[in-house]
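In the text below, chain A, chain B and the rest are named by the order of the sequence lines, each starting its count at 1. Only this structure's heavy atoms are used, side chains among them; waters, hydrogens and symmetry mates stay out.
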Amino acid sequence: MRPSVKELLGVDAAGQEVIVKGWVRTKRQTKSAAFVEVNDGSCMANIQCVFDAETAGKPEIASTLEKVSTGASVSVEGTLVPSPAAGQKAELRATGLQVIGEAPPDAYPLQKKAHSLEFLREIAHLRPRTNTFGAVARVRNRMAFAVHQFFQERGFSYIHTPIITASDAEGAGAMFQVTTLDLEKVASSGAVDYGYDFFGKPAFLTVSGQLNVETYCQALGRVYTFGPTFRAENSNTTRHLSEFWMIEPEVAFAGIEDNIDLARDFIHYLVQTALRDCAEDLAFFDARIQPGLIESLKSVASGSFSRMTYTEAVAELEKHKGVFEFKPYWGCDLQSEHEKFLTEKVVGGPLVVTDYPKDIKAFYMKQNDDEKTVAAMDVLVPRFGEIIGGSEREWRLPLLQKRIADMGLNLDSYWWYLDLRRFGSTPHAGFGLGFERLLLYVTGMTNIRDVIPFPRAPKLADF
RNA sequence: UCCCCUGUAGCUCAGCUGGCAGAGCAAGUGGCUGUUAACCACUGGGUCCGGUGUUCGAACCACCGCGGGGGAGCCA
């Protein structure tokens, strides 16, 4: 394959004859030379293609140069040479030029200037051509691969849990219903008979792969899911999407301490990978999006995570309750202001908070002997707050049954989940990580709609 | 769903107490001996989000609607 710009800029420039294909970012012309910067998305950097006066003066080149504008796709032939000017090590001394697709400047929305992220959201089909969104896409790709690398290197199996689920028993939030019923007819008939629906009963898009992945955990031991997840909540924030990607590992014969170790190693691995393999893109985010980003990432890339129980955390927060909008008390859900205070001000680094009150956590979490708390663990990081939430699971049948009943859930609809506790049950644990939230943390971007190519949110399903 | 802010040129915004629609950048044209957020000069560019009302007069005030942003809640 023809070398990418990234590859060309990575070799010693020694007069090799090459062809560069990509999209023009900017063109500068003087009497003595024309400079066309070409980007092909392989890296942040452009390659500068230089047409000297003689070349630029040839009629066919001159007329083609007139059609070169920001956004146009081009093919440039020339030789790769060390650059005589500052700003780039190598450049292309151009001998030939073709415009593949023009981008008329009076109509092309992207200019060679900074645009607001809000404006770029309105042209989601063109925004990957900008520095910021190109960088986000490259980091997203690398992080997705790193997720698989991390688990595969540790003997985990990737389990494809279903997108469509026939039970609404997962309890993790509002669900999108999936149906082939004709809603117009349903509306006029005044009644719904799910016997006529595609699955013969109500069906929904999944809100979590956890309950399903636990079944394979109880067979393969170390498993994980990484797939699209859907929430129909009317959430309109910089941290929520209606469609997002979630990572959920689950390990058999494991307790909460194993879970915490795994989560810590996972964060270490992802952040180290980003710092090593996305250095150019992170440098851009550090300079333009989130000053101090790289320093902040380096501080969590290795080393231990502090530990604190929920009870200790609340005691710590109560010492400073004057600074909070929401007053902390034992039994309250930790607000994002509380989480940030704990990780940034109290411990000054990553923090794992464990043993939350059972009443604010999900039914499947393992109950502690104190009968008040569950073996839950949240990982908090500076600048962001909670990035991972997980727990040891309740693996004892009677206790799980009682918990489901106490929370007013329907035992029958959990029959297969309960079977896992009836037959060869094991202590097991796992956690969940929202992939886009990881990307917010790693890139320093602040709106979750800017770290997924095509965001879905209430009243937002364009493109 | 609630609270706050906001909508003016392609983009980012200013527009005072209601009195002729503005700037920077972008674009076009010309200039410039290697530029790199190029530079210099000139030029073109408007449904002031939509509707209704108040007024001699509305970008500006009031009401309704639509769009965008931020925060909260829910959560990953």
Identity of whatever pairs with [N] - Watson-Crick or G-U, under 3.5 angstrom:
N: B:G45; result: none
N: B:A62; result: B:U52
N: B:G67; result: B:U6
N: B:G24; result: B:C11

Would you measure the distance from the [atom1] atom in [N] across to the matching atom in [M] and give it in whole Å?
N: B:G45; M: B:C25; atom1: C1'; value: 14 Å
N: B:G46; M: B:C56; atom1: C1'; value: 26 Å
N: B:A9; M: B:C66; atom1: P; value: 22 Å
N: B:G30; M: B:G44; atom1: C1'; value: 15 Å
N: B:G57; M: B:G18; atom1: P; value: 16 Å
N: B:G67; M: B:G15; atom1: P; value: 27 Å
N: B:C48; M: B:A59; atom1: C1'; value: 5 Å
N: B:C64; M: B:G70; atom1: C1'; value: 24 Å

Using whole Å, what does the distance between atom [atom2] of nucleotide [N] and atom [atom1] of [X] come to?
X: A:Glu66; N: B:U29; atom1: CD; atom2: C1'; value: 12 Å
X: A:Leu110; N: B:C25; atom1: CG; atom2: C1'; value: 15 Å
X: A:Asp450; N: B:G68; atom1: CG; atom2: C1'; value: 13 Å
X: A:Asn236; N: B:G69; atom1: CG; atom2: C1'; value: 10 Å
X: A:Asn46; N: B:A37; atom1: CG; atom2: C1'; value: 12 Å
X: A:Ile448; N: B:G70; atom1: CD1; atom2: P; value: 12 Å
X: A:Leu117; N: B:G70; atom1: CG; atom2: C1'; value: 14 Å
X: A:Glu37; N: B:A37; atom1: CD; atom2: P; value: 8 Å

| Is there a donor-acceptor contact under 3.5 Å linking the side chains of A:Thr132 and A:Thr130? |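 There is no such pair between these side chains.
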
| said: Regarding A:Tyr158 and A:Gln152, do their side chains bring together a donor and an acceptor under 3.5 Å, going by distance alone? | reply: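 A:Tyr158 vs A:Gln152: no donor-acceptor pair found between side chains.
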
| field | A:Phe266 ring center within less than 6.0 Å of A:Phe151 ring center | value |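 Ring centres of A:Phe266 and A:Phe151 closer than 6.0 Å.
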
| said: Before we go on, tell me: are the rings of A:Tyr224 and A:His148 under 6.0 Å apart, centre to centre? | reply: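 For A:Tyr224 and A:His148, the ring centres are under 6.0 Å apart.
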
With the threshold set at 4.0 Å, does a side-chain nitrogen-carboxylate oxygen contact exist between [X] and [Y]?
X: A:Glu312; Y: A:Arg307; result: no
X: A:Asp378; Y: A:Lys361; result: yes
X: A:Glu436; Y: A:Arg140; result: yes
X: A:Arg264; Y: A:Asp261; result: yes

Regarding [X], tell me which of base, sugar-phosphate or nothing describes its non-hydrogen contacts under 4.0 Å with the strands shown.
X: A:Ala85; value: base
X: A:Glu337; value: nothing
X: A:Pro105; value: sugar-phosphate
X: A:Glu386; value: nothing
X: A:Ser69; value: nothing
X: A:Leu241; value: base

Which one, [options], comes nearest to the side chain of [X]?
X: A:Ser235; options: B:C74, B:A27, B:U35; value: B:C74
X: A:Asn447; options: B:G70, B:C32, B:G28; value: B:G70
X: A:Arg121; options: B:U33, B:G70, B:C75; value: B:G70
X: A:Phe326; options: B:C75, B:A72, B:U35; value: B:A72
X: A:Gln48; options: B:G34, B:A72, B:G28; value: B:G34

| What distance do A:Thr206 atom OG1 and A:Asn212 atom CG have between them, rounded to the nearest 0.5 Å? |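 Between A:Thr206 OG1 and A:Asn212 CG, I get 6.5 Å after rounding to 0.5 Å.
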
| What is the distance from atom CZ of A:Phe133 to atom NE2 of A:His115, rounded to the nearest 0.5 Å? |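 If I round to the nearest 0.5 Å, the distance is 11.5 Å.
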
Under 4.0 Å from OP1 or OP2 of [N]: is there any side-chain N or O of [X] that close?
X: A:Thr70; N: B:A26; result: no
X: A:Asn234; N: B:C2; result: no
X: A:Arg25; N: B:A37; result: no

| How are the rings of A:Phe226 and A:Trp245 set relative to one another: parallel (under 30°), tilted (30 to 60°) or perpendicular (over 60°)? |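 A:Phe226 and A:Trp245: perpendicular rings.
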
| Side-chain contact, heavy-atom cut-off 4.5 Å: A:Leu433 with A:Met246? |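 A:Leu433 does not reach A:Met246 side chain to side chain.
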
| request: Scan residues 242-252 of chain A against RNA chain B and write down, sorted by residue number, each residue with any heavy atom closer than 4.0 Å; if none is found, say none. | output: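 Within residues 242-252 of chain A, the residues near RNA chain B are A:Phe244, A:Met246.
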
| message | Is it the case that B:U35 (base atoms only) and A:Gln88 (side chain only) share a donor and an acceptor within less than 3.5 Å, ignoring hydrogens and angles? | response |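 Answer is yes: a donor-acceptor pair is held.
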
| query | Who passes side chain to side chain contact (heavy atoms under 4.5 Å, CB included) against A:Ser4, sequence neighbours left out? | reply |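 So A:Ser4 forms a side chain to side chain contact (heavy atoms under 4.5 Å, CB included) with A:Lys6, A:Glu7, A:Asp40, A:Ser42.
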
| field | 5′-ward residue of the pair A:Phe35/A:Glu436 relative to RNA chain B | value |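 Whichever sits nearer the 5' end wins; that is A:Phe35.
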
| 5' priority, RNA chain B, between A:Gly87 and A:Ser32 [closest heavy atom] |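 The residue mapped nearer the 5' terminus is A:Ser32.
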
| Footprint string (nucleotides 6-12 of chain B, 5' to 3'): B base within contact, S backbone only, - free, heavy atoms under 4.0 Å | ----BBS

